[in-house]
There are 2 protein chains.
Amino acid sequence: MSNPKTRDDASVDPRLFLQTVARTMRVLEGFGRKQGPQSLAELAAAAEIDKSAAQRICYTLQTLGYLERDAATGGLRPGLKVLDRTFDFLRMHPLIERAVPVLAELRAMTGQRVDLSLLDDLSIIYAQRLQNRRETFVASLVGRRLPTWCSSGGRAMLASLPDAEVDSILHRSDRRRFTPHTVTDLAAIWDKIRAARRDGFAFTEQEWIMGEMVVAAAVTDAAERPVAAIHIAGSLAEWDARGFQLRMGPPVIEAARSISA
Amino acid sequence: MSNPKTRDDASVDPRLFLQTVARTMRVLEGFGRKQGPQSLAELAAAAEIDKSAAQRICYTLQTLGYLERDAATGGLRPGLKVLDRTFDFLRMHPLIERAVPVLAELRAMTGQRVDLSLLDDLSIIYAQRLQNRRETFVASLVGRRLPTWCSSGGRAMLASLPDAEVDSILHRSDRRRFTPHTVTDLAAIWDKIRAARRDGFAFTEQEWIMGEMVVAAAVTDAAERPVAAIHIAGSLAEWDARGFQLRMGPPVIEAARSISA
DNA sequence: CGCGAGCGTATTGCTATGCGATACGACCGC
DNA sequence: GCGGTCGTATCGCATAGCAATACGCTCGCG
């Protein structure tokens with residue numbers, strides 16, 4: 001996850017870098033791996049610190065509401081305060097507030113599921129999701145990461161990047177197969193990206209979830225760099241691929257354009 | 001926000017409490033107040049630390065991806081990594097994963113907006129939101145806080161608490177008016193809570209947003225304590241209050257029961 | 001046109017703060 | 001009932017973080 005926005009590890013100034021802060025964040029990041037509440041020892045191991053340090057950090061985080069004890073198991077899990085930070089992130093983000101009404105309108109107009117994702121180098125992250133009527137199985141939550149190289153939004157954003165950066169991302173990505181339809185071949189992915197450049201939107205079909213297809217268009221900032229993507233997802237049970245692109249392509253392009261800087 | 005789960009300030013053991021961690025979190029909490037990216041000095045002031053400390057903390061958080069520089073203004077705002085913590089919170093929470101399919105089904109069945117909120121003493125926090133077709137103005141995001149005393153979900157959860165705790169929450173709350181219909185009188189609120197105990201769900205009408213009414217039922221844990229609430233929100237333009245309660249009351253009760261421990 | 005207030009950034013020596021080894025009691029399963 | 005592992009508590013030491021200070025920059029106001 002060596003985000004270009006994130007400072008490079010090599011260039012960290014130890015005079016300004018606070019070990020305690022880094023350890024604290026590593027503790028909070030220890031939840032990514034396993035399901036269910038974690039023990040103090042597990043968090044210590046995940047953060048690569050000893051039990052004493054984990055004890056002090058967890059005690060403090062718990063005091064502040066960023067960790068909670070699970071009533072059932074007695075283990076630790078992220079606390080409610082985390083959602084306050086989520087809210088701040090969404091509120092302070094230059095795109096989100098502008099995007100929300102546009103997404104809502106897009107969803108009302110198309111009747112499909114509409115998502116907003118943000119680019120973070122090798123991953124995209126869902127920041128908003130507006131589901132459609134018949135979607136009962138919503139595995140995706142705010143904060144979910146998907147690989148840039150095989151998601152529709154990711155490909156749309158790649159299409160707005162210079163070739164060299166696309167190559168860099170594709171080469172650093174772990175291009176494993178998620179469904180039988182995932183396109184993993186480099187040349188084939190490049191074909192898809194060129195198609196997205198030509199059409200103004202990317203299209204993927206069952207590359208992540210079977211039965212699902214997605215059109216997506218990139219949102220760019222003032223410097224014309226892609227920062228986000230708008231997705232429209234539909235079911236193969238209701239649409240054929242060609243008709244879906246014809247119907248959803250123009251609105252998704254227009255929506256993305258309208259919130260670009 | 002003195003959550004009962006949060007350790008009491010008085011009983012903090014200074015031997016285990018890390019000042020640096022607390023300062024770091026106070027910096028991140030500095031975004032709550034104002035709109036738009038913050039300067040280093042503003043964050044320092046909000047966290048009540050000097051510029052040096054803020055510099056070290058912000059440098060570290062930025063390195064780790066929890067803060068970002070805003071491209072336009074050069075100011076600071078919460079970073080993408082925040083959404084990873086959101087995802088962890090949602091994934092690790094004992095209720096959320098069980099709740100999501102139930103909420104989706106409820107939304108499909110009723111066609112209304114459906115929310116899941118969590119109780120945090122004087123506030124409730126939205127953890128999931130499934131909007132309805134015609135909702136174009138979605139001011140509410142994940143992490144949004146609403147007052148417990150005047151929200152439908154909050155009243156439903158109050159109804160599941162012993163009288164003494166209800167009194168405590170009501171008295172510590174700032175009961176200001178949000179719309180002309182907000183019920184601020186203590187005795188009147190108690191009437192509403194007793195009605196919720198009788199009916200199994202709470203009902204509010206235009207107390208937070210004009211034109212909106214909400215039914216909500218509490219979700220309880222193994223100890224029968226309220227931890228969350230399911231809301232169904234509808235528009236006065238489409239329903240009358242009585243009909244809405246008759247139609248939405250039973251399904252919201254059933255949904256809340258099905259995810260209670 | 002230039003002055004100064006405010007910003008972000010960089011450096012330093014001091015000591016309070018966080019460190020990690022250690023120890024204790026509780027709980028569980030082999 | 002006995003190791004293993006858990007969470008919790010204690011303590012002296014040195015290092016990690018502290019606060020003061022200084023520098024250059026950009027605005028906005030005079």
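Please read all numbers here as calculations on a predicted model, not as lab measurements.
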Subject >> nucleotides 16-27 of chain D: protein proximity per nucleotide (B base, S sugar-phosphate only, - neither; heavy atom, under 4.0 Å) >> reply: SSBBB-B-----

Subject >> Between the first and last five pairs of the helix from C/dC1-D/dG30 to C/dG29-D/dC2, the angle of the axes, rounded to 10 degrees >> reply: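 The value is 40°.
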
Original post:
Given atom CG of B/Leu76 and atom P of C/dC7, what is their separation to the nearest angstrom?
Top reply: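 Going from CG in B/Leu76 over to P in C/dC7 covers 13 Å.
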
Subject >> A/Tyr59 OH to D/dT8 P, straight-line distance once rounded to whole Å >> reply: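 Roughly 10 Å, once rounded to whole Å.
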
Show the atom names and distances, to 0.1 Å, of all donor-acceptor pairs under 3.5 Å that link a side chain in residues 48-57 of chain B to residues at least two apart or in another chain.
from: B/Asp50; atom 1: OD1; to: B/Ser52; atom 2: N; distance (Å): 3.1
from: B/Asp50; atom 1: OD1; to: B/Ala53; atom 2: N; distance (Å): 2.9

What residues, two or more places apart in sequence or in another chain, satisfy salt bridge (charged side-chain N to carboxylate O under 4.0 Å, His left out) together with [X]?
{"X": "B/Glu165", "result": "B/Arg225"}
{"X": "A/Arg197", "result": "A/Asp163"}
{"X": "A/Arg257", "result": "A/Glu254"}

Extract all donor-acceptor atom pairs below 3.5 Å that involve side chains of residues 92-99 of chain A and protein atoms in other chains or at least two apart in sequence.
from: A/Glu97; atom 1: OE1; to: B/Gln35; atom 2: NE2; distance (Å): 3.1
from: A/Arg98; atom 1: NH1; to: A/Ile259; atom 2: O; distance (Å): 2.8
from: A/Arg98; atom 1: NH2; to: A/Pro94; atom 2: O; distance (Å): 3.3

Original post:
Who passes side chain to side chain donor-acceptor pair (under 3.5 Å) against A/Asp174, sequence neighbours left out?
Top reply: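 A/Asp174 satisfies side chain to side chain donor-acceptor pair (under 3.5 Å) with no other residue.
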
Please list, one pair per line, the donor and acceptor atoms closer than 3.5 Å that link side chains of residues 18-26 of chain B to other protein atoms, with sequence neighbours excluded.
from: B/Thr24; atom 1: OG1; to: B/Thr20; atom 2: O; distance (Å): 2.7
from: B/Arg26; atom 1: NE; to: B/Ala47; atom 2: O; distance (Å): 2.9
from: B/Arg26; atom 1: NH2; to: B/Ala47; atom 2: O; distance (Å): 2.8

Original post:
Testing B/Asp115, B/Leu106, B/Ile253 for side chain to side chain contact (heavy atoms under 4.5 Å, CB included) with B/Ile230, which one passes?
Top reply: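 So the option named by the test is B/Leu106.
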
